[in-house]
Amino acid sequence: QLQLVDSGGGLVQPGGSLRLSCTASGRRLDDYDVGWFRRAPGNERERLGCISSDDGSTYYANSVKGRFTISRDNAKNTVYLQMNTLKPEDTAVYYCNANSAYWGQGTQVTVSS
């Protein structure tokens, strides 16, 4: 059974950066397509992007394209979400997902001065 742990969230000022981690146990994460999502209070869950298990290709939502980057470190069984130029509207709980079936527990990101 694949288990995912999200980490790396915190409080950051507007314009700052954070790197979130999605670390797997139980199975190799590079066998799975991994996506990042977020949910802000009062909003529906938003899909941010994903990285393919086949060739490592990535997809990003327009709201984060050019600011967020998804990458893998197979040796650490981890997928990262690098977030740059953060805005207050990026405040949310961020979750990773594998093959639309497995979820991390989420990590809070707050962008505020």
Without swapping roles, check the side chain of [X] against the backbone of [Y] for a donor-acceptor pair under 3.5 Å.
X	Y	answer
Asn99	Ala101	no
Tyr94	Asp6	no
Arg72	Leu29	yes
Arg67	Ser63	yes
Thr91	Val111	yes

Quick one: side-chain hydrogen bond (donor to acceptor under 3.5 Å, both in side chains) partners of Ser53, sequence neighbours excluded?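 With sequence neighbours excluded, Ser53 shows a side-chain hydrogen bond (donor to acceptor under 3.5 Å, both in side chains) to Asp33, given in chain and number order.
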Could you tell me whether the side chain of [Y] reaches within less than 4.5 Å of the side chain of [X], counting heavy atoms only?
X	Y	answer
Leu20	Gln82	no
Thr110	Val12	no
Ser112	Pro88	no
Val34	Asn97	no
Leu4	Tyr95	no

Shortest non-hydrogen contact from [X] toward [Y]:
X	Y	result
Ser17	Thr85	OG-N, 4.3 Å
Ser25	Asn77	N-ND2, 4.3 Å
Trp36	Cys22	CZ2-CB, 3.6 Å
Leu86	Leu18	CD1-N, 3.9 Å
Leu2	Ala98	CD2-CB, 3.6 Å

- Query: Where do Arg47 and Tyr59 land on the side chain to side chain donor-acceptor pair (under 3.5 Å) test, with the steps shown first?
  - Reply: CA-CA 10 Å; Arg47 185 186 188 212; Tyr59 155 85; 4.8 Å; no
Which residues satisfy the ring pair (Phe, Tyr, Trp, His ring centres under 6.0 Å) test with Tyr80, sequence neighbours excluded?
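Listed in chain order: nothing, the list is empty.
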| task | Check the pair Leu48 / Tyr60 against side-chain contact (heavy atoms from CB on, under 4.5 Å), numbers first and verdict last. | result | CA-CA 6 Å; Leu48 304 177; Tyr60 299 98; over 6 Å; no
### Query
Is there a donor-acceptor contact under 3.5 Å linking the side chains of Thr23 and Thr78?
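Side-chain D/A pair, Thr23 to Thr78: present.
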Q | same_hphob_cluster(Val93, Met83) at 4.5 Å side-chain heavy-atom cutoff | A |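 No, separate clusters.
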inquiry  = Nearest 0.5 Å, please: how far is CZ in Phe68 from CZ in Arg38?
reply    =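 If we round to the nearest 0.5 Å, Arg38:CZ and Phe68:CZ are 5.5 Å apart.
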Point-to-point distance, once rounded to the nearest 0.5 Å, from CG of Leu11 to OG of Ser113
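With rounding to 0.5 Å, CG (Leu11) is 9.5 Å from OG (Ser113).
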> Checking side-chain contact (heavy atoms from CB on, under 4.5 Å) for the pair Val109/Asp90: CA distance, chi angles, key distance, verdict?
Replying inline: CA-CA 8 Å; Val109 172; Asp90 293 318; 5.5 Å; no
Centre-to-centre under 6.0 Å for Trp103 and Phe37, is that the case here?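 Yes.
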